[in-house]
There are 2 protein chains.
Amino acid sequence: MKTLSLKEVSTIAKNVLKKHGFSEECAAVIAKTMTAGERDGCASHGIYRLLGCIHTLKAGKVIPDATPEIRDVAPAIVAVDAKGGFSQPAFEKGFPVLCDKAKSQGIAALAINNCVHFSALWVEIEMLTAQGLVAIACNPSHAWVTPHGGKKPLLGTNPIAFGWPRAGKDPYVFDFATSAIARGEIELHKRHGTPLQPGWAVDAQGEATTDPQQALDGAMLTFGGHKGSALSTMIELLAGPLIGDLTSPESMQHDNHAGASPYHGELIIAFSPEKFLGDGVAAHMARAEDFFAHFEEDNVRMPSQRRFTARKKSLQQGVEISDDLYKEIMALLE
Amino acid sequence: MKTLSLKEVSTIAKNVLKKHGFSEECAAVIAKTMTAGERDGCASHGIYRLLGCIHTLKAGKVIPDATPEIRDVAPAIVAVDAKGGFSQPAFEKGFPVLCDKAKSQGIAALAINNCVHFSALWVEIEMLTAQGLVAIACNPSHAWVTPHGGKKPLLGTNPIAFGWPRAGKDPYVFDFATSAIARGEIELHKRHGTPLQPGWAVDAQGEATTDPQQALDGAMLTFGGHKGSALSTMIELLAGPLIGDLTSPESMQHDNHAGASPYHGELIIAFSPEKFLGDGVAAHMARAEDFFAHFEEDNVRMPSQRRFTARKKSLQQGVEISDDLYKEIMALLE
């Protein structure tokens, strides 16, 4: 293992991206999200993603120097057209406007369109909670998941994330895929020749399977049966047609077997507790803290606790990257 | 069984409520939601609920002639104080303002406060989809459900509902509790002496149980493990402290073992496809139809299909009520 400081992680990510033609601004914000992934112990959203970025670029599926274009859609809606670039620069551009709109209107939405997407949503959610806002974000992906009772893959892994600001504490944040399991987990089981857990997937005939190859030929399932399936469908609609962007089947068609990062939209909704609560804001946010205190008394682990613990450690000690991954990334700089 | 027309159902409900002191207006809107429940084959949200209404009234836990008070909170937020009455009259009052705000701002929220709540959310969701709006509604309830990894009941059954308008068709609507199962289902198993399904509940020590009494002494579980638990927590926060209203533990404390309907708030969010999509609205709503067409090709049942089928039948043939329930309700008129 190789130990790197977070600054070194960020510099490596920026240099790789810039070398391959990503603009300075774009490289900086993508490096920021990858560094956040490494920092929080989420290696799958860390600099490992550089490999996917460069693959997506070489497949001609992302525009490295796209300049996002912002559009004031309505008093409570802002949209940013990513122009075929990655989602992060578009989010950065829309973020201050979303904050302003939420703070003046009470609730507001940011629609990111025409973006190539691989970013973890919690990075964006935490930027909003840091502004004292409550936030929800979601997006479709590629059609790998079948709805409850179906056999054809129609839904994406469709993540949803939520954040709630907590004064003087880490925010309450969750971020989960609505698929029963990550796509990568199925591929890992295939590589290791190990069976899947029941409830993860169906084969091409729609029958339950624990065989990784049959699952890849069939479809993954959502978490939580018909309820998770309904939620995933909601995400397709909200972060797809409602914002004028692709559903997961359309994104997959766009990919045309290139194996690139999905190309679609993202919806972020921000709520201003100040606007909702006026003079009562401090008292009611304190009541939320009473609610969280019950969780602590019952020894319930908060959704992002593992990430915040990893963060404390990484900020002091840096992060460890496997030698193989380090070499692979360094090769991208040659 | 006794067959009643929907008009008869509505008249019975109104008469019972008025006889017990509910105002004309309040009785009418509560009767409307109960009739919708019977019509759609959801007996648990039908006139059976009259028994609970009158119990709640006699326990002193609802104000039968409350006049909801509307407040313009922010350009995209309207709040209605139900003043201790049932939620339905407050929703009716806020509904046109929510529609106007969503249609002018793009996205808007309706906060209902200080209401006694037993209404199914899909009734409200369908009023919004009938206006061409996309909508989400959610509310806490009583603390009967433990978060993932916990043993104490801290969460409500916390329903969430979503609706998407479909031109010339029934809307796409789902409405589900985030608990693994309805509270009433556990009570039914207790009465019948049958075991619960695994995954529904834990005992007072936080250990999995299939014993109904141990479950009632312990806590129900959410659907979907840690993901369902996170979602339920989000609902507590959004439809609780964010709108200045009670969480499920606070609602339960307010009840103080009266066994009345929960007293808390409700949050409804409406999105205007016209505002989001402008000139593109028809084209993008048509893309949503393409997405739904895949579901039909794959023989996937839509979440509310059973309700819409029951509705067609009820509108022609009326509904059947058990003789026992009919007698019990008639007794409320004596």
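Everything quoted here is computed from the prediction, not taken from an experiment. Scope of the values below: all heavy atoms of this structure, side chains included, with no hydrogens, waters or symmetry mates. A, B, ... follow the sequence lines: proteins, then strands. Residue 1 opens every chain.
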Can you say whether A:F276 sits under 4.5 Å from chain B via the side chain, the backbone, both, or neither, judging by heavy atoms? both
Residue A:L231 versus chain B: region with a heavy atom under 4.5 Å: both
Name the option with the most non-hydrogen atom pairs under 4.5 Å to chain A; the candidates are B:P241, B:A74, B:G224. B:P241
Greatest number of heavy atom pairs closer than 4.5 Å to chain A - which of B:T222, B:L154, B:D298: B:D298
Between A:P273 and chain B, which part of the residue has a heavy atom less than 4.5 Å away: side chain, backbone, both or neither? both
Part of B:S104 lying under 4.5 Å from any heavy atom of chain A: backbone
Quick one: which of A:K152, A:K227, A:M302 has the most heavy-atom pairs under 4.5 Å with chain B, could you say? A:K227
Under 4.5 Å heavy-atom distance to chain A, tell me which part of B:A180 shows up: side chain, backbone, both or neither. backbone
Looking at side-chain heavy atoms only, is the closest gap between B:F174 and A:T233 below 4.5 Å? no
Whatever's closer than 4.5 Å to a heavy atom in chain B on A:Y172 counts as side chain
Point-to-point distance, once rounded to the nearest 0.5 Å, from OG1 of A:T146 to NE2 of B:H294: 12.0 Å
Using the side chain to side chain contact (heavy atoms under 4.5 Å, CB included) rule, take B:D290 and A:T247 through it: C-alpha gap first, then chi angles, then the decisive distance, then the call. CA-CA 10 Å; B:D290 294 344; A:T247 59; over 6 Å; no
So CD1 of A:I136 and CG of B:L238: to nearest 0.5 Å the spacing works out to 5.0 Å
Against chain A, label B:A108 side chain, backbone, both or neither, depending on which of its atoms sit under 4.5 Å from a heavy atom there. backbone
Could you look at A:M234 and say if it's the side chain, the backbone, both or neither that has a heavy atom under 4.5 Å from chain B? both
Part of B:F295 within contact of chain A (heavy atom distance under 4.5 Å): both
